[in-house]
**Q** 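Below you'll find the structure I mean.
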Amino acid sequence: MAVVRRLSDLAGPAGGGDRGQGLKHSDGPWLRAADGADELVAHLGPVRAELTAAHEGLAAGAGRLTALAELAAVRESWERRIQAAQGECGSLAGKLRAVARAQGATNEAVRSSFAPVAEPAPGGGPR
């Protein structure tokens with residue numbers, strides 16, 4: 001088992017090896033999740049209209065059934081839930097994309113901060 005005593009031990013042998021093959025960020029999973037949330041928003045879009053269409057004419061055909069009042073309350077509840085789910089998914093999509101952007105910016109900032117150390121010292125020797 002290898003023991004790491006210094007941060008430089010993680011870099012591997014001088015002059016190469018796995019240099020540049022360390023931990024890397026990919027925005028792919030974040031963007032796929034954001035796309036999935038957007039798809040949920042789109043999928044839920046027509047549901048409220050379908051629910052409304054399914055209830056058309058129900059009151060006329062049922063006469064004075066007291067269950068209609070209950071059915072209307074349940075429908076309103078579902079409409080609120082659908083609207084809330086659309087809002088949550090829309091918000092989540094934007095937040096997931098923001099994470100991907102922030103991590104990309106952080107990666108670039110870290111990479112840039114190491115640039116002066118990675119450049120050879122004047123005269124070609126190590127810094």
**Q** Do the side chains of Leu92 and Val99 join up, straight or via other hydrophobic residues, at under 4.5 Å, putting them in one cluster?
**A** yes
**Q** My understanding is that only residues two or more places apart in sequence, or in another chain, count here; which of them pass salt bridge (charged side-chain N to carboxylate O under 4.0 Å, His left out) with Arg111?
**A** Glu108
**Q** Check whether Ser112 reaches the backbone of Ala109 with its side chain - one donor and one acceptor, N or O, closer than 3.5 Å.
**A** no
**Q** Let me confirm one number: the CD1-CG distance from Ile82 to Leu51, rounded to the nearest 0.5 Å.
**A**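 It comes to 5.5 Å.
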**Q** Glu79: what forms a salt bridge (charged side-chain N to carboxylate O under 4.0 Å, His left out) with it, not counting sequence neighbours?
**A**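 Glu79 satisfies salt bridge (charged side-chain N to carboxylate O under 4.0 Å, His left out) with Arg75 once adjacent residues are dropped.
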**Q** Which heavy atom of Val41 sits nearest a heavy atom of Gly90, and at what distance?
**A** CG2-N, 3.4 Å
**Q** Are any side-chain N or O atoms of Thr106 and backbone N or O atoms of Ala102, one a donor and one an acceptor, separated by less than 3.5 Å?
**A**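 Checked: pair present.
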**Q** With sequence neighbours excluded, give me every side chain to side chain donor-acceptor pair (under 3.5 Å) pair touching residues 37-48.
**A** Asp38-Arg97
**Q** Please tell me if the side chains of Asp27 and Arg101 come closer than 4.5 Å, counting only heavy atoms from C-beta onward.
**A**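 A side-chain contact under 4.5 Å is absent here.
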**Q** How many angstroms lie between CZ in Arg32 and CG in Leu96, if you round to the nearest 0.5 Å?
**A** 12.0 Å
**Q** Please report the closest heavy-atom contact between Pro46 and Ala42, naming both atoms and the distance.
**A**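 Shortest heavy-atom separation between Pro46 and Ala42 comes out as CD-O, 3.4 Å.
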